[in-house]
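Reading through the structure tokens given below for one structure.
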There are 2 protein chains.
Amino acid sequence: MSSTRKNARNTRQLEVIWNVIKDDKSHPTADQIYDRVRKLIPKISLGTVYRNLQKLVADDRLQVLMHGRSQHFDPLLERHQHFICENCDRVYDIFFETPGAIDSATLPDQVFKVSSHQLALYGTCKNCSS
Amino acid sequence: MSSTRKNARNTRQLEVIWNVIKDDKSHPTADQIYDRVRKLIPKISLGTVYRNLQKLVADDRLQVLMHGRSQHFDPLLERHQHFICENCDRVYDIFFETPGAIDSATLPDQVFKVSSHQLALYGTCKNCSS
DNA sequence: TTATTTGCAAATTGTTTGCAACGGT
DNA sequence: ACCGTTGCAAACAATTTGCAAATAA
């Protein structure tokens, strides 16, 4: 499934999709990416966009963030958090140091093995507070 | 919309749905609640279950937690966090004190007003690690 | 009585999949 | 030439909605 995997091909579709998100900080949805890519490859299908996004995620070139019922894609791989505006649904990157304590499981019980965590902040963004 | 609102009615459907989740700690989905309620009211429709769950959420009697593409309902209202098993998708309540610092916005920029936050831990649960 | 709620079915939204044609390597 | 990838359309899953009949107050 990964493009680093044997027999993966470099298609124009994959390349254009990557170029369209690789520096994007707005956390677009598949649909928004589809709209942008269609300007460059008008006949591309939404299915192809989804398949290539999955591929980029499998290759660890993108992260996925669920918000509401849709997935948002994020090319920023370093550990970071998100602030989500409850008014406009925009997602912002937050470099907020989450306490190491979360990892070192001061958990109620040692029954769980924690492998990752995610902190999301909700509120109103600058754009919406004016 | 709220049942505390003027003209709200106490229907058998609402009462049964509430009884079925009010002490439940398993974070069921609407479908799972539907299955349980159907044993008591066989002719209830899924739409009615959804509408009553919305009502309970609007009335602050339930919290919603998104996981994957579905909403999970949680009658526990006190601030708490969740541990989600990546193997079986079960959701557990975690009483983990999140640092107050998260609220008092030591944020990169004062452009945001944070009104809430949510921390989710991912890993493997006891049931799945054996 | 009468406005809210229900059951049912159809509509919506976001995403995935089957398949024949296409195109990298 | 081989087999991964595409476009298209249909399938899906979770949730919402329109509407006439039912029912709580």
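Sequence lines set the chain letters: A, B, ... in the order given, protein chains first and strands last, and positions in each chain run from 1.
Proximity of Asn52(A) to the phosphate of dT6(D): a side-chain N or O atom is located under 4.0 Å from OP1 or OP2. Contact check, Lys55(A) against dT5(D): a side-chain N or O comes under 4.0 Å of OP1 or OP2. Note on Gln54(A): a side-chain N or O is less than 4.0 Å away from OP1 or OP2 of dT16(C). Proximity of Arg69(B) to the phosphate of dT13(C): no side-chain N or O atom is located under 4.0 Å from OP1 or OP2.
Panel note: side chain Gln81(B), backbone Leu119(B); a donor-acceptor pair is recorded below 3.5 Å. Distance alone, capped at 3.5 Å, places no donor-acceptor pair between the His82(B) side chain and the Val91(B) backbone. For the pair Glu86(A) (side chain) and Tyr122(A) (backbone), a donor-acceptor distance under 3.5 Å is absent. Panel note: side chain His72(B), backbone His27(B); a donor-acceptor pair is recorded below 3.5 Å.
Here the closest heavy-atom approach between residue Leu77(A) and residue Asp60(A) is recorded as CD1-O, 3.1 Å. Across Glu78(B) and Phe95(B), no two heavy atoms sit closer than the pair OE1-CE2, 4.2 Å. Contact detail for Cys125(B) and Cys85(B): the closest heavy-atom pair is N-SG, 3.4 Å.
Between Ser26(B) and Gln32(B), every side-chain heavy-atom pair lies at or beyond the 4.5 Å cut-off.
Put simply, CZ on Arg12(B) is 14 Å from P on dA25(D), counting in whole angstrom units. If you measure from atom CG of Leu14(B) to atom P of dG7(C), you get 12 Å, rounded to the nearest angstrom. If you take CG of Asn7(A) and P of dT25(C), they are 11 Å apart, rounded to a whole angstrom. For Trp18(A) and dT5(D), the CH2 to P distance is 17 Å, given to the nearest whole Å. Rounded to an integer number of Å, the gap from Met66(A) CE to dA13(D) P is 16 Å.
Heavy-atom nearest nucleotides on DNA chain D were determined for Thr11(A) and for Thr11(B), and the one closer to the 5' end corresponds to Thr11(A).
One finds the CZ atom of Phe73(A) at 4.5 Å from the CG atom of Leu53(A) (value rounded to the nearest 0.5 Å).
The stretch residues 28-50 of chain B comes close to DNA chain C through Lys43(B), Ile44(B), Ser45(B), Thr48(B), each having a heavy atom under 4.0 Å from the strand.
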Identify each atom pair where a protein N or O and an N or O of nucleotides 20-23 of chain D are less than 3.5 Å apart, giving names and distance.
| residue | atom | partner | partner atom | Å |
| --- | --- | --- | --- | --- |
| dT23(D) | O2 | Arg9(B) | NH1 | 3.0 |

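The side chain of Gln71(A) sits closest to dT15(C) out of dT15(C), dT5(D), dT6(C).
Counting atom types as modelled, Arg51(A) pairs no side-chain N or O with a base atom of dG4(D) as donor and acceptor under 3.5 Å.
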